[in-house]
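Working notes for the structure below.
Residue numbers count from 1 along this sequence.
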Amino acid sequence: DMKQEDNYKIRNWVEDLPKRGVITFSIEEVYKLFPSISKRGTANALLRLVTKGKILSVWKGFYVVIPIEYAHKGVVPPIVYINQLMEYLHRQYYIGLLDAAAFYAAAHQRPQVFTVITGLPSVRASEKKGIRMKFIIKKNIPTSFLIQKKTKSGYVLVSSPELTAMDLILYDKEIGGINRAATVLNELAEELNFRDMAISIFDNTPVPVVQRLGYLLEELDYSELADDLLRKTKEAGILFRKSPLKTGKDSEDCEYNAKWKIIINEEIEIDE
């Protein structure tokens with residue numbers, strides 16, 4: 001039976017991938033490698049492997065060979081394949097926000113959603129079998145502020161601590177607000193080094209974000225870090241304008257911090 005033989009061909013090829021250090025593949029690759037097998041036959045063979053819990057479809061046309069340590073759950077964390085997936089989608093990306101912070105320090109902030117920051121055009125969020133991935137669009141991906149981190153399946157790109165700090169404030173609504181951002185910042189502070197940071201980081205960061213970051217660092221008793229950041233803004237010729245600490249909240253009759261030009265319309269309470 002020809003079909004049975006096709007099944008074996010594809011199955012053997014898939015099972016050999018991890019031995020070569022590869023754990024992802026696309027359906028296009030399979031079509032190319034086995035031109036004699038019909039598209040339908042290929043789809044059936046792959047569906048069989050999915051049903052058997054050998055592979056997982058994590059994106060339309062894109063599969064992960066399930067590593068042994070995840071076999072019983074049948075779910076593979078996105079960190080395992082995100083680099084390969086973004087290459088497949090031909091997109092720049094980096095792991096950001098709480099997921100980035102977890103690489104450095106803030107481990108007890110483990111998020112429920114895996115956050116990937118990527119360029120235009122926008123990508124739909126993906127939810128498959130309990131894995132939630134959220135894509136945040138940033139017009140320019142600041143590649144010089146990304147760090148390669150090794151993983152079992154190669155490496156991933158993660159925002160540097162300094163970029164992570166700015167993103168936590170820029171996208172605070174994505175993580176639950178400015179207080180949550182401050183909580184994570186408090187854990188990330190040990191890793192921050194504004195003194196050696198290139199001022200080009202400000203090119204894609206709205207100025208009020210920098211003001212809020214400086215103000216928060218001071219509130220959290222990291223005044224040395226805050227001063228380093230302030231020096232960098234002066235070096236970059238950045239001018240502050242009055243900005244509220246919390247966007248979209250009334251800021252009348254609030255106290256004012258002249259150093260950072262921040263209207264204090266929110267009390268900061270962090271989870272210790």
Side-chain angles (χ1 to χ4, degrees), residues 94 96-106 109 115 117 136 138-142 144-147 158-272:
Y94 62 92
L97 300 179
L98 303 177
D99 293 278
F103 270 93
Y104 300 112
Q109 297 288 340
T115 302
I117 297 177
I136 294 177
K138 197 177 232 189
K139 243 193 265 174
N140 300 306
I141 298 294
S144 55
F145 296 95
L146 305 184
I147 293 176
V158 181
S159 48
S160 71
E162 296 75 27
L163 179 57
T164 305
M166 296 197 188
D167 279 348
L168 286 166
I169 290 160
L170 177 58
Y171 302 116
D172 67 342
K173 302 231 177 350
E174 302 279 354
I175 60 167
I178 195 85
N179 273 308
R180 185 86 192 275
T183 299
V184 184
L185 204 52
N186 191 42
E187 297 175 14
L188 190 61
E190 302 289 308
E191 299 288 324
L192 297 173
N193 173 2
F194 296 121
R195 204 166 282 180
D196 301 326
M197 177 182 73
I199 57 174
S200 59
I201 197 164
F202 299 128
D203 294 350
N204 298 306
T205 308
V207 177
V209 165
V210 182
Q211 291 169 241
R212 288 180 194 119
L213 176 57
Y215 170 79
L216 286 177
L217 286 169
E218 228 152 71
E219 278 294 287
L220 296 166
D221 283 329
Y222 296 107
S223 49
E224 209 177 308
L225 270 176
D227 288 341
D228 284 345
L229 181 61
L230 191 61
R231 264 195 298 279
K232 282 285 170 182
T233 63
K234 293 208 161 82
E235 199 184 305
I238 286 173
L239 298 173
F240 294 165
R241 287 204 192 106
K242 271 194 182 181
S243 294
L245 180 57
K246 186 175 179 172
T247 50
K249 185 184 176 185
D250 181 44
S251 56
E252 263 186 48
D253 304 324
C254 292
E255 281 187 42
Y256 178 64
N257 177 293
K259 180 175 177 181
W260 295 98
K261 293 204 172 176
I262 285 290
I263 304 160
I264 307 160
N265 64 342
E266 176 75 314
E267 224 175 298
I268 294 299
E269 292 164 21
I270 63 168
D271 311 330
E272 290 296 349

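The residues Asp172 and Arg212 are annotated as not salt-bridged, no charged nitrogen and carboxylate oxygen being separated by less than 4.0 angstrom.
Distance check: Leu98 CG to Ile175 CD1 gives 5.0 Å after rounding to the nearest 0.5 Å. The OG1 atom of Thr183 sits 8.5 Å away from the CG atom of Leu220 when rounded to the nearest 0.5 Å. Atom CG of Leu245 and atom CH2 of Trp260 lie 13.0 Å apart (nearest 0.5 Å). Interatomic distance, Ser223 OG to Leu230 CG, rounded to the nearest 0.5 Å: 12.0 Å. One distance of note links CG of Leu168 with CG of Leu163; it measures 9.5 Å at 0.5 Å rounding. To the nearest 0.5 angstrom, Thr247 atom OG1 is 11.5 Å from Ile169 atom CD1.
Glu219 pairs by the side chain to side chain contact (heavy atoms under 4.5 Å, CB included) definition with Tyr215, not counting sequence neighbours. Qualifying side-chain hydrogen bond (donor to acceptor under 3.5 Å, both in side chains) partners for Asp196, counting only residues two or more places apart in sequence or in other chains: Asn193. Partners of Glu252 under the side chain to side chain contact (heavy atoms under 4.5 Å, CB included) rule, at least two apart in sequence or in another chain, are Asp250. Under the rule for a side-chain hydrogen bond (donor to acceptor under 3.5 Å, both in side chains), Asp221 has no partner lying at least two apart in sequence or in another chain. With sequence neighbours excluded, the residues forming a side chain to side chain contact (heavy atoms under 4.5 Å, CB included) with Ala165 are Leu185, Leu188, Leu192, Leu213, listed by chain and number. Listed by chain and residue number, Arg195 satisfy the salt bridge (Lys or Arg N to Asp or Glu O under 4.0 Å) test with Glu224 (two or more places apart in sequence, or in another chain). Shown here are the salt bridge (Lys or Arg N to Asp or Glu O under 4.0 Å) partners of Glu218, two or more places apart in sequence or in another chain: Lys259. In terms of the side chain to side chain contact (heavy atoms under 4.5 Å, CB included) criterion, residue partners of Lys261 (sequence neighbours excluded) are, by chain and number, Gln211, Phe240, Tyr256. Residues passing the salt bridge (Lys or Arg N to Asp or Glu O under 4.0 Å) test with Glu235 are Lys232, sequence neighbours excluded. Annotation: side-chain hydrogen bond (donor to acceptor under 3.5 Å, both in side chains) contacts of Asp203 (sequence neighbours excluded): none.
Here the shortest heavy-atom pairing between Phe145 and Ala198 reads CZ-O, 3.6 Å. Ile238 and Val207 get closest at one heavy-atom pair: CG2-CG1, 3.7 Å. Heavy-atom minimum distance, Ile268 versus Ala182: CG2-CB, 3.8 Å.
Lys138 is listed as a side-chain neighbour of Tyr171, based on a closest heavy-atom distance under 4.5 Å. Contact annotation: the side chain of Ile141 approaches that of Leu146 to within less than 4.5 Å [non-hydrogen atoms, C-beta and beyond]. Two residues are said to be in side-chain contact when any heavy atoms from C-beta on lie closer than 4.5 Å; Leu97 and Ile136 meet this criterion. In this structure the side chain of Glu174 never reaches within 4.5 angstrom of the side chain of Thr115, judged on heavy atoms.
When atom types are taken as modelled, the side chain of Asn265 and the backbone of Pro244 share no donor-acceptor pair closer than 3.5 angstrom. Looking only at distances, no side-chain donor or acceptor of Tyr94 sits under 3.5 Å from a matching main-chain atom of Ile147. Side chain of Thr164 to backbone of Ser159: a donor-acceptor contact under 3.5 angstrom is found.
Within the structure, ring-ring contact (aromatic ring centres under 6.0 Å, His included) pairs that include any residue of residues 181-204 do not occur (at least two apart or interchain). Here salt bridge (charged side-chain N to carboxylate O under 4.0 Å, His left out) pairs that include residues 238-248, with residues two or more places apart or in two chains, are Lys246-Glu266.
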